[in-house]
Number of protein chains: 2
Amino acid sequence: MSHALNGKGIVRQETIDRIEQIAAEVGYRPSPIARGLQNSKLGLLALVIRPFHSLDTFLPEGVDYFLRTAGAASLAAMEHGYSMMLIDDPTKPGVPFSALAADAYIVTEPFENDPVLTMLSEQRIPFVCVGEDPARRGQFLAIEEHADTQTEMMLAHLSDAGANRIALVTGTDRNDWNLASQTAIVRWSESRNLRPLVMSVPEAEGERVGDAVMDEFFSGDPAEHPDAIYCLTGRHAAGVTAAALRRGLRIPQDLMVAAGSGSLQNQTSTPTVTTLDLKPEAIAQFAVEIAVKLAEGQRVKGPLVTPRATLNLRQSTAR
Amino acid sequence: MSHALNGKGIVRQETIDRIEQIAAEVGYRPSPIARGLQNSKLGLLALVIRPFHSLDTFLPEGVDYFLRTAGAASLAAMEHGYSMMLIDDPTKPGVPFSALAADAYIVTEPFENDPVLTMLSEQRIPFVCVGEDPARRGQFLAIEEHADTQTEMMLAHLSDAGANRIALVTGTDRNDWNLASQTAIVRWSESRNLRPLVMSVPEAEGERVGDAVMDEFFSGDPAEHPDAIYCLTGRHAAGVTAAALRRGLRIPQDLMVAAGSGSLQNQTSTPTVTTLDLKPEAIAQFAVEIAVKLAEGQRVKGPLVTPRATLNLRQSTAR
DNA sequence: CTGAAAGCGCTTACAG
DNA sequence: CTGAAAGCGCTTACAG
C-alpha cells in the first residue's frame, strides 16, 4: 500500500516496516513517470540555448557564456528542487517526449519570430526568454538584456579612452543582442554625424574572421578607418586583435579592441582584451527563479531586470 | 481518436483533417508524461557530474572539462533523439521526480563507494561511469580513463625534457583520476628509488593553492626539491606557476609545470602551460552512445576504450 | 487502520 | 474505418 511507503495516511509502524522490507527485497522502485502523471509535473525545467544552432561546435573556447549559463542554471534548478534539461530546439521533428515534458522553459537568445516561442505560447507552456524576440518585443515574458545600454557603455568607455571612430562587429544570428547593439551604434554614430561602421560575421567563424574584419574596415578611405573595434563576441575580438597585430598595428595605441562577451581567453591573451561581463550566472539564476514560479502556476509580471553588465578594463583599450 | 493524430491506424484523410483542426482549435497537446508511461521511457538521459559537489562555483574558468563534457553530452544526446539532464546527485533527499526518471545515467568521476552507483545498481537503473569507482573496480560498466597511463605519459615527457625530480599535485576528491594518478607516480618514483613527492589539495581551491604547494615542496632538504610539478588540474597549475614566478623561479628553466587537464587559460597564460587534452567531447559522445544503448535495453560489454589523451606541449616544459 | 476503486492522460489491441 | 475498453504505474479520496 502506498500509504505505508510515502508516509501519507496513518499506518501502523509495524505495517510500514513490513511493507518497506518487501519493497526493498523485490527491488521495488516507484515510477517517477507514473508519479508525474498525477499533477502532470515532473519537476523538470528546460534550458533552450538557441544559438547552439549556429555554433559549429560546443567547444567553449572563447564562448563560455552559454556553458556558464547552462552550468549555473543546472545548479540553480537543483537548489529549487528541479532538474534542468539542455536542449536546442523542441520544435524539431522527432524530438523525444522529454523535450516537451518540462514544466517550464527558459529560452536564451531567441531569434526573430522564433518558432520555439511560437510553439510554446500556442501550447500554453510557460516560458521565460533571456533577451527578447526582436520581432515581437514585449509580447512574451522576457529578461531584458539591455544590449543597447551595454553598447552605449562600451562606446562611452572607448570614447573616453580616446577613440574617435568606433566600428562594431556583430554576429549574424538575428537575436536581440546582435540587433539591439547594431541599433545602438547606428544611433550613436548618427548623433555624431558619422557613418556607422558595422559588420556582421557568423558567430561560428570565431577567431577566423580577423582578416575579413580588417579588410572591411581598413581598405577604403583612410579617414573612415576606425581607431577602435568593438566585437560582440570574445572570439571575434581575439581574431581581430591577432589580425591587427599581424598587420603591424599596435594595440591599443593604433587600434583599440574590445569584446561584448569574453572568456578567460581575453584575460590571458597578449594583450589582454577589455570585455563586458554579462553576468551569465546571475542571469541564469534569475531565469531559473522565474521558471520555477511559472512551473508552479504563479503569475510573473515584467519588466524583469537583471544585474547590469560590468566593464572589465584591460590592456586592449588602455591608452 | 488517437489514431488520427499519430497516424497509426487506417483512418480516412477527411477524419484526420477534421480531428487535427479541432485539436489545433482547442490547443490540444498530448502529455509527454502520459505517453512516456506506456513504455516507461521518456527519452531522457542524465549526466551526473559528481565533482560538482566539490566545486564551490560553477565558474568554468580553468575547469572547463565538465562544462565541455556537459555541452558535448547534451548535443550528442539530441542527435540520438534523447534529452540530457544535468544533475549532481540523485540520491539526495528531496530530488524532483525527474532526477530519477532518466532512461539511463552517465556518472562522471564517481567517488570511492559512490552512493549514486550503489543506488543506481540496486534499482537496476542502467548507467555507465566515466572513470571507475576506485573501491569497486570492474564492478560496474565504466569507460576507462587510463589515468595511470596518462600520468606515465606526462612523466615521460617531463623526464625527456630534463626533469629529474617530479612532484604530483592532485585534488582531494577520492575518484579514479586522483587516486590512479597517485598510484602511478608512486610506482614510477619507487622504480627509480625516489621518495614520491605527492600533495593533495582541494579542487575548489583552484589557483589559490600555489603558495601552499610551493611551501610543501621547497621548504625541506634542497636535494628533495622538485624540478617539475605536475598538477592534475589546470587551475592548480596556474596557481603553482604564479607562485613559483613570484618566488623568482624561472619557468621552465628552474621549474617545469604541467597540468593534467587544462583550459584556454593555460594556453594563453605567460608562460603557456603544457597540458593533457583529455578529449572530453569524445568521451562524452562515447558515453552518450553507450547510455542510449542501455536505455534501449541493449547489453553493453566492457572494456570500454576511449580515445587516448594527447599532450599539448607548451612553454612551461620546453627547456 | 487497511483494502478496493477511481483517476491521472495517453496508447494500443479489440470489437463493432 | 471508428468507437469503447483496457492498461501503463502510480496517488488519493473513499468505503469497510
Side-chain angles (χ1 to χ4, degrees), chain A residues 1-44 46 81 83 90 93-104 119-120 122-126 295-297, chain B residues 1-44 46 81 83 90 93-104 119-120 122-126 295-297:
Chain A
M1 187 73 305
S2 56
H3 292 174
L5 286 172
N6 59 209
K8 278 286 172 67
I10 304 159
V11 186
R12 212 185 308 159
Q13 186 56 46
E14 193 182 308
T15 317
I16 295 183
D17 292 346
R18 183 169 45 86
I19 292 184
E20 274 180 352
Q21 232 212 58
I22 296 174
E25 267 171 31
V26 292
Y28 169 77
R29 115 178 145 106
S31 153
I33 304 179
R35 284 178 152 196
L37 188 56
Q38 316 294 330
N39 47 3
S40 60
K41 281 195 170 41
L42 234 27
L44 225 202
S83 304
V95 294
F97 292 163
S98 52
L100 299 167
D103 303 342
M119 181 205 77
L120 257 16
E122 272 175 3
Q123 314 242 275
R124 315 257 161 80
I125 304 173
E296 293 174 354
Chain B
M1 186 74 303
S2 54
H3 292 174
L5 287 172
N6 57 207
K8 278 286 173 65
I10 305 159
V11 187
R12 211 184 309 160
Q13 187 56 46
E14 192 183 311
T15 318
I16 296 183
D17 291 347
R18 184 171 45 87
I19 293 185
E20 273 179 353
Q21 232 213 58
I22 296 174
E25 267 171 30
V26 294
Y28 170 76
R29 113 176 144 108
S31 152
I33 304 179
R35 284 180 152 195
L37 188 56
Q38 316 294 331
N39 47 2
S40 59
K41 282 197 169 40
L42 236 25
L44 225 202
S83 304
V95 293
F97 291 162
S98 52
L100 298 167
D103 304 341
M119 181 204 77
L120 256 16
E122 272 175 4
Q123 313 242 278
R124 315 256 162 80
I125 304 174
E296 292 174 354

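Letters A, B, ... mirror the listed sequences (proteins, then strands); counts begin at 1. Every heavy atom of this structure was used, including side-chain atoms; hydrogens, water molecules and symmetry mates were not. Predicted model, so just to flag it, every value in this text is computed and none were measured.
- Taking the side-chain contact (heavy atoms from CB on, under 4.5 Å) definition, one finds that B:Q123 meets it with A:R29, B:M119, B:I125, sequence neighbours left out.
- In this structure, A:L42 places its CG atom 14 Å from P of D:dT11, rounding to the nearest Å.
- Distance CD1 (A:I33) to P (D:dC10): 10 Å, rounded to an integer number of Å.
- Counting only Watson-Crick and G-U wobble pairs whose two key distances fall under 3.5 Å, DNA chain C forms stems of three or more stacked pairs at C:1-3 with D:14-16, C:5-12 with D:5-12, C:14-16 with D:1-3.
- Across the protein-nucleic acid pair, B:F97 atom CZ and C:dC8 atom P stand 17 Å apart, rounded to whole Å.
- Closest heavy-atom contact between B:P32 and A:F97: CB-O, 3.4 Å.
- Checked against side-chain contact (heavy atoms from CB on, under 4.5 Å), A:A295 has the following partners two or more places apart in sequence or in another chain: A:L45, A:Y82, A:D103, A:A104.
- Residue A:Y28 places at least one side-chain N or O under 4.0 Å from the OP1 or OP2 atom of D:dC10.
- Here B:R35 does not reach the OP1 or OP2 of C:dC10: none of its side-chain N or O atoms lies under 4.0 Å away.
- For B:L37, taking side-chain heavy atoms from C-beta onward, the closest of the listed nucleotides D:dC10, C:dG9, C:dC10 is C:dG9.
- For the pair A:N39 CG and C:dG9 C1', the computed distance is 13 Å after rounding to whole Å.
- Rounded to the nearest 0.5 Å, atoms CG (B:L100) and CD1 (A:I33) are 11.0 Å apart.
- Summarising the geometry, the separation between CD on A:Q38 and P on C:dC10 is reported as 14 Å, rounded to the nearest angstrom.
- In this structure, the NZ atom of B:K41 is 16 Å from the C1' atom of C:dT11, given to the nearest Å.
- Of the inter-residue distances, the one linking A:S31 atom OG with B:L37 atom CG reads 6.0 Å to the nearest 0.5 angstrom.
- Of all heavy-atom pairs between A:G43 and B:S98, the closest is O-OG, 2.8 Å.
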